Amino acid sequence: MIFSIRMGSLSKIDKKVLWHPFTQQREWVLNIHESPLVISKGQGNYLFDSAGKRYFDGVSSLWANLHGHRVPALDRAIKLQLGKIAHSTFLGLTHEPGIRLAEELLKMVPQNLSRVFYSDNGSTAVEAALKMAFQYHAQKSGGRARPVYLSLKESYHGDTIGSVSLGGIDLFHKKFKPLLFRREAALSPHCFRCPHNQTKMNSSFYEYRGEKPRPGDFRKETGCRWECLADAEKILKKNKGKVAAAIVEPVVQGAAGIYVAPPGYLWGMSWLCKKYDALLIADEVATGFGRTGKVFACGQEKVQPDILCLAKGISGGYLPLAATLSTEKIYRAFLGKYEDFKTFFHGHTYTANPLACAAGLASLKLLKERLSGASFMKSIRALRSGLERLSRMSQVGHVRQAGLMAGIELVQDKHKNLSYAPAARAGKKICMKLRTEGILLRPLGDVLVLMPPLSSTETEINHLMGKLEHVLAKRI
Ligand SMILES: Cc1ncc(COP(=O)(O)O)c(C=O)c1O
């Protein structure tokens, strides 16, 4: 009773004083489709609301959580660091957790990367990468600027103006167009809605499998003519000498609606960047730290990006932290006498926060054990078999998966591939039904996003898939 009174008054205050991200406040305040859920604690792969109801954290607290909540090793590492210091600046000072985490990260990322530049969220990791690429070219070529960036049509790299400039999701980005710098957009590698529609990948379930794929293999297998790579090549060729960098979300374009690329695309992009002398930025903010089944998605195709952006899972999903990693060649272009002004004048107050770095170090240790254990692979397999079943359902148009990352696209008419009208709020309605079943998901339009913690067990995944099947069996 006391609990529910407290929850009621808290959500009342919330509605009076807060403005939530990516939330239509009118719906939130009037309880239309949305209704405030006050989360009061977490344990393992579950969140609890202030009435004590338990929910499976099916989106890993926005794609960040790796090992669940209240993980003893992570809690201990943070407490230990808290006993020393919570925060000191990284501008002109340094500290042990920041140094040790960088050292560990460099053992796990592609070998060509040798420098770690910290910040505090995914957007700033990308922002730093963009500026790094721009300044690198200018300093290497006696001040000649390269003002063009290549990104993919439906890409998402964050919400700061630089990262929005690279984005291509109209709903989020179009309004800001007058503020944005120039980017050239290449066709996204999304076979399900490919305008050229050459492949045999339009079956309703697609799972990415890495294992050293090459574009030629996929061509042989499917007849695809790689129009998406050809589009990127056209842009790189036309703008040769002007492109600072091409940026991709390796293997999965998350916010686009979990677009899972065909095997070989990433390798092809990397090859094109070398051919046309553009830097390759891999934005692994969402795909990093085991999400796609390998530590980093770049590792699926043995690709070595020039710059790598990391955030979300870097601290195990506990605290804000991000990193932009570069090659030694890029780093060296910033060296000189102070008065040469080659310094990278970029940084944030909470860059390399020591508590977050301590959590990151503890998380990496757990991650290594997790990725080599049998239980993680079992969970991926359980997800696959559940998704295969769902893909046959009448309201499901397409299902795509890479590791423990999946998207389920709802359609009004499966045979015509007809989407629901936005006002139908199909994705939202399904997620609200799942909430009453003790599952928390957050859709991207009509794509249900499944991103459970890497610590999810086979039983938990089977339970999640069972609940989805149950809810999707009824008409929206
Ligand atoms: C690929 C990618 N890049 C960048 C970001 C931005 O990260 P943040 O929300 O931490 O700013 C996201 C967030 O979802 C992302 O998916």
Side-chain angles (χ1 to χ4, degrees), residues 39-48 54-82 97 100-105 107-109 120-122 252 254 284-297 299 310-323 353-383 402-406 438-442 449-464:
I39 297 300
S40 62
K41 65 172 191 175
Q43 186 65 56
N45 302 321
Y46 297 88
L47 298 168
F48 294 78
R54 189 178 88 144
Y55 304 87
F56 180 66
D57 188 359
V59 283
S60 297
S61 296
L62 214 56
W63 313 1
N65 191 287
L66 302 183
H67 314 292
H69 303 276
R70 300 294 322 275
V71 181
L74 268 74
D75 288 7
R76 244 190 338 266
I78 294 169
K79 280 184 197 152
L80 198 67
Q81 180 57 39
L82 193 56
R100 297 244 177 263
L101 178 61
E103 206 180 21
E104 286 307 308
L105 280 171
K107 288 180 195 159
M108 298 170 94
V109 297
D120 51 22
N121 65 73
V252 183
E284 293 232 29
V285 167
T287 54
F289 302 102
R291 247 315 131 197
T292 69
K294 287 243 189 313
V295 189
F296 295 105
L310 304 174
K312 290 190 185 280
I314 190 172
S315 67
Y318 260 54
L319 287 160
L321 183 66
N353 171 261
L355 292 176
C357 291
L361 262 173
S363 170
L364 286 191
K365 193 159 175 268
L366 286 184
L367 183 68
K368 278 185 225 156
E369 291 160 15
R370 192 171 305 290
L371 295 186
S372 56
S375 150
F376 178 58
M377 289 317 293
K378 273 190 191 161
S379 300
I380 294 178
R381 279 198 294 273
L383 183 63
L404 270 190
M405 196 170 188
I439 307 280
L440 283 184
L441 293 186
R442 187 174 165 83
V449 177
L450 305 188
M451 198 88 73
L454 304 190
S455 49
S456 306
T457 63
E458 187 184 8
T459 311
E460 286 169 330
I461 299 289
N462 286 336
H463 180 75
L464 166 70

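All figures in this text were calculated on a predicted structure; none of them were measured in a lab.
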Inset, instruction - Return each pair, listed once, that meets salt bridge (Lys or Arg N to Asp or Glu O under 4.0 Å) where at least one residue sits in residues 453-463; pairs must be two or more places apart or across chains. - result: none
Legend entry - Residue of the set L310, L101, L355 for which side chain to side chain contact (heavy atoms under 4.5 Å, CB included) holds with L321: L101
Inset, instruction - Give the minimum heavy-atom separation between Y318 and I78, together with the two atoms involved. - result: CD2-CD1, 3.2 Å
Inset, instruction - Would you please test L441 and L450 for side chain to side chain contact (heavy atoms under 4.5 Å, CB included) and show each step? - result: CA-CA 7 Å; L441 293 186; L450 305 188; 3.5 Å; yes
Legend entry - Where A358 and Q81 come nearest, the two heavy atoms and their spacing: CB-CB, 3.8 Å
Legend entry - Where R442 and V449 come nearest, the two heavy atoms and their spacing: O-CB, 3.7 Å
Legend entry - Under the side-chain hydrogen bond (donor to acceptor under 3.5 Å, both in side chains) test, residues paired with R70 that sit two or more places apart: D75
Inset, instruction - Verify, without hydrogens or angle tests, whether S456 (side chain) and I461 (backbone) share a donor-acceptor contact under 3.5 angstrom. - result: no
Legend entry - Sequence-distant partners of E104, salt bridge (charged side-chain N to carboxylate O under 4.0 Å, His left out), two or more places apart: K107, K368
Legend entry - Minimum-distance pair of heavy atoms, taken over all atoms of S455 and N45: OG-OD1, 2.6 Å
Legend entry - Set of side chain to side chain contact (heavy atoms under 4.5 Å, CB included) partners for A402, sequence neighbours left out: Y208, V251, V252, V260, T292
Inset, instruction - State the NE2-CG distance between H69 and L47, to the nearest 0.5 angstrom. - result: 4.0 Å
Inset, instruction - Looking only at non-hydrogen atoms, find the nearest pair between L383 and G403 and report the distance. - result: CD2-O, 3.6 Å
Inset, instruction - First locate atom CG of L367, then atom CD1 of I314, and finally report the distance between them rounded to the nearest 0.5 Å. - result: 11.5 Å
Inset, instruction - Look up atom CG in L361 and atom CG in L105, then write down how far apart they are to the nearest 0.5 Å. - result: 8.5 Å
Legend entry - Charged tip of R370 within 45° of F376 ring normal and under 6.0 Å: no
Legend entry - Residues forming a side chain to side chain contact (heavy atoms under 4.5 Å, CB included) with S60, sequence neighbours excluded: N65, R291, P453
Legend entry - Test item: H67 side-chain N/O and S363 main-chain N/O as donor-acceptor pair under 3.5 Å: yes
Legend entry - Verdict with supporting geometry, V71 and L366, side chain to side chain contact (heavy atoms under 4.5 Å, CB included): CA-CA 10 Å; V71 181; L366 286 184; 3.6 Å; yes
Inset, instruction - For R100, enumerate each residue passing the salt bridge (charged side-chain N to carboxylate O under 4.0 Å, His left out) test, keeping only those at least two apart in sequence or located in another chain. - result: E96, E103
Legend entry - Heavy-atom closest pair, residues S315 and L74: O-CD2, 3.9 Å
Inset, instruction - To the nearest 0.5 angstrom, please state how far the CZ atom of F289 sits from the CD atom of E284. - result: 9.0 Å
Legend entry - Separation between CG of L62 and CG of D57, rounded to the nearest 0.5 Å: 10.0 Å
Legend entry - Between CG on residue L319 and CG on residue D120, distance to nearest 0.5 Å: 11.5 Å
